[in-house]
Amino acid sequence: MGKLGKEIIGIDIKKLSHSLKKAFADEWLAYYQYWLGAKITEGPMQEAIVKELEQHAKEELEHAQMLCDRLIQLGEIPPLSPQEWSEIANCKYLAPTNPYVKNILEQNLEGEQCAIKTYNQLLKEVKDKDHVTYNMILKILEDEEEHEEDLESLLEDLKLGKH
Ligand code: FE
Ligand code: FE
Ligand code: MG
């Protein structure tokens with residue numbers, strides 16, 4: 001990012017980067033939680049649930065990619081070691097110790113609700129200060145809201161025995 005590009009950002013770049021790095025860590029942990037959940041989950045509606053978990057994993061990885069690109073544009077270095085992810089993340093990584101579909105869906109739902117809170121807060125931080133980051137976070141928040149809704153629907157279908 002050039003001189004003027006940086007100058008027009010009305011928020012301290014170090015502070016902004018700190019928040020973006022934390023979100024980046026969240027996304028990798030969310031990616032892994034979905035990715036592994038899709039591999040090991042079992043129970044009713046397994047096929048439909050695995051398909052959704054895999055789709056969400058892919059989208060979480062895209063979020064990590066977007067955050068990484070923005071950090072680099074800002075002249076910042078993304079976390080260099082996966083060990084840092086759990087240390088700096090906003091949202092907890094929930095290990096899928098019980099692979100039953102309902103448990104996996106509930107764990108991921110908890111993750112999405114944490115993500116929605118995090119991005120809602122981050123949007124407020126950058127509003128009217130950094131339009132480019134604002135747009136990126138808005139797109140991510142839209143995805144996280146959709147993820148929450150998808151998981152809620154699957155849990156509802158499970159409950160109603162639509163399988
Ligand atoms: Fe995400
Ligand atoms: Fe998500
Ligand atoms: Mg979906």
Side-chain angles (χ1 to χ4, degrees), residues 16-74 76 78-79 81-96 98-127 130 132-160 162-163:
L16 173 61
S17 305
H18 179 74
S19 301
L20 296 179
K21 284 176 196 175
K22 285 166 73 71
F24 173 85
D26 288 333
E27 293 296 350
W28 272 105
L29 294 177
Y31 165 74
Y32 188 68
Q33 196 175 314
Y34 272 121
W35 181 87
L36 188 61
K39 297 281 182 211
I40 65 174
T41 198
E42 354 175 271
M45 293 173 53
Q46 187 172 334
E47 203 181 318
I49 290 170
V50 166
K51 218 174 127 216
E52 196 70 58
L53 298 176
E54 284 174 348
Q55 178 64 31
H56 289 195
K58 190 175 152 269
E59 287 165 358
E60 307 306 3
L61 193 56
E62 284 167 13
H63 298 162
Q65 179 89 42
M66 290 156 78
L67 289 157
C68 186
D69 290 347
R70 189 62 181 151
L71 278 165
I72 291 168
Q73 281 171 359
L74 292 166
E76 288 289 317
S81 164
Q83 282 168 330
E84 288 177 57
W85 295 345
S86 337
E87 288 162 21
I88 66 173
N90 300 289
C91 304
K92 276 193 297 251
Y93 173 77
L94 301 169
N98 181 342
Y100 186 63
V101 280
K102 184 169 178 282
N103 296 78
I104 297 290
L105 290 171
E106 282 171 350
Q107 283 186 325
N108 284 310
L109 182 58
E110 200 178 319
E112 292 299 344
Q113 287 167 348
C114 178
I116 289 169
K117 282 184 206 153
T118 299
Y119 287 118
N120 194 47
Q121 183 53 41
L122 196 47
L123 259 194
K124 288 179 189 165
E125 269 177 54
V126 298
K127 190 175 190 312
D130 177 359
V132 176
T133 300
Y134 183 89
N135 268 352
M136 179 190 73
I137 300 297
L138 184 60
K139 164 72 179 92
I140 297 177
L141 180 62
E142 282 169 10
D143 287 349
E144 309 305 13
E145 288 186 3
E146 194 184 304
H147 291 170
E148 182 197 32
E149 197 186 340
D150 292 342
L151 297 173
E152 282 177 353
S153 308
L154 286 168
L155 279 164
E156 191 62 22
D157 290 352
L158 263 184
K159 205 167 88 189
L160 297 172
K162 280 196 199 164
H163 47 82

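Each ligand, and each atom within it, is numbered from 1 in the order the structure gives.
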Which is it for M136 and L20 under the side chain to side chain contact (heavy atoms under 4.5 Å, CB included) test, yes or no, and what are the steps along the way? CA-CA 11 Å; M136 179 190 73; L20 296 179; 4.2 Å; yes

Would you find more than 12 non-hydrogen atoms of other residues, nucleotides or ligands less than 6.0 Å from Q46 atom CD? yes

Looking only at N, O or S atoms in E144, which is nearest to the Fe ion (ligand 2)? OE1

N/O/S from H56 sitting under 2.8 Å away from the Mg ion (ligand 3): yes

So do the side chains of F24 and W28 get within less than 4.5 Å of each other, counting heavy atoms only? yes

Answer key: the N, O or S atom of H147 nearest to the Fe ion (ligand 2) is ND1

Angular separation of E112 OE1 and E60 OE2 about the Fe ion (ligand 2), given to 10°: 140°

H147 vs H56 aromatic rings, parallel, tilted or perpendicular, using cut-offs 30° and 60°? parallel

Find, among atoms of H63 that are N, O or S, the one nearest to the Fe ion (ligand 1), and state its name. ND1

Give a yes/no answer: is there an N/O/S atom of E27 under 2.8 Å from the Fe ion (ligand 1)? yes

Examine the side chains of H63 and E59 and answer whether a donor and an acceptor come within less than 3.5 Å of each other. no

Row for the Mg ion (ligand 3): angle OD2 (D150) to OE2 (E52), 10° precision, value 100°

Specify the closest pair of heavy atoms between I40 and P99, including all atoms of both residues, with the distance to one decimal. O-CB, 3.4 Å

Any N/O/S atom, backbone or side chain, of D143 lying under 2.8 Å from the Fe ion (ligand 2)? no

